[in-house]
Amino acid sequence: EEQMSFYKTLQEELTSWRSYNFGEPQGYEYALGLVEESAELSEALETLNHTAVQDAIGDIMVYACNHACNGRYSFAELIWDAELRFSGQP
């Protein structure tokens with residue numbers, strides 16, 4: 001429950017931050033950002049650049065959360081569902 005509350009708050013704060021800093025971009029821009037950051041992550045992993053790996057992962061998380069916000073998905077529920085799938089629970 002505490003973890004769900006954390007992600008809900010994170011999503012609300014990120015939505016406010018995004019609106020203030022960038023307005024309301026289209027959903028495809030988040031998808032393109034995810035692709036770009038994934039490529040940066042791949043390159044950072046190949047070069048063993050720990051700082052760049054952390055930066056890319058952080059950016060991927062922001063793009064993913066923004067995509068969830070834009071699509072009116074609950075980031076907390078998406079993460080919870082993924083945790084259940086990975087843990088093998090129904």
Side-chain angles (χ1 to χ4, degrees):
E1 186 66 33
E2 184 177 322
Q3 185 179 18
M4 295 287 278
S5 177
F6 168 79
Y7 288 119
K8 183 176 187 288
T9 301
L10 173 67
Q11 186 166 5
E12 290 168 355
E13 290 178 3
L14 184 57
T15 300
S16 296
W17 174 84
R18 175 195 67 186
S19 296
Y20 178 79
N21 288 290
F22 302 108
E24 296 298 326
Q26 301 298 313
Y28 70 88
E29 293 173 335
Y30 300 125
L32 292 175
L34 282 167
V35 170
E36 177 187 356
E37 294 301 331
S38 295
E40 289 183 16
L41 176 60
S42 177
E43 183 178 314
L45 289 168
E46 286 178 13
T47 60
L48 303 175
N49 184 333
H50 182 72
T51 302
V53 168
Q54 286 183 308
D55 180 65
I57 290 172
D59 290 347
I60 287 168
M61 292 176 69
V62 169
Y63 275 111
C65 193
N66 276 322
H67 194 67
C69 294
N70 199 49
R72 309 258 192 285
Y73 300 109
S74 165
F75 205 55
E77 289 179 18
L78 293 171
I79 291 172
W80 179 253
D81 290 345
E83 285 181 8
L84 291 177
R85 282 194 311 275
F86 288 127
S87 70
Q89 298 178 17

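Distance check: R18 CZ to Q11 CD gives 9.0 Å after rounding to the nearest 0.5 Å. Within the model, atoms SG of C65 and CG of N70 stand 11.5 Å from one another, a figure rounded to the nearest 0.5 Å. Atom CG of residue L78 and atom OH of residue Y73 lie 8.5 Å apart, to the nearest 0.5 angstrom. If you take CZ on F75 and CG on N66, they are separated by 9.5 Å, rounding to the nearest 0.5 Å. In this structure, CZ on R72 lies 9.0 Å from OG1 on T15, to the nearest 0.5 angstrom. For the atom pair I57 CD1 and L41 CG, the distance stands at 5.5 Å (nearest 0.5 Å).
Within the structure, the salt bridge (charged side-chain N to carboxylate O under 4.0 Å, His left out) test picks out the following pairs touching residues 3-17 (sequence neighbours left out): K8-E12.
In terms of modelled atom types and a separation under 3.5 Å, the side chain of S42 and the main chain of S38 share no donor-acceptor contact.
In the hydrophobic clustering of this structure, L34 groups with L45; members are Ile, Leu, Val, Met, Phe, Trp, Tyr whose side-chain heavy atoms approach within less than 4.5 Å, directly or through other members. Two different hydrophobic clusters hold M61 and I79 under the rule that ILVMFWY side chains link at heavy-atom gaps under 4.5 Å.
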Table please: side-chain donor-acceptor pairs of residues 48-56 below 3.5 Å, with sequence neighbours left out.
residue: N49; atom: OD1; partner: T51; partner atom: N; Å: 3.3
residue: N49; atom: OD1; partner: A52; partner atom: N; Å: 3.0

Checklist entry - When you look at W17 and V62, which way does the side chain to side chain contact (heavy atoms under 4.5 Å, CB included) test go after all the steps? => result CA-CA 11 Å; W17 174 84; V62 169; 4.3 Å; yes

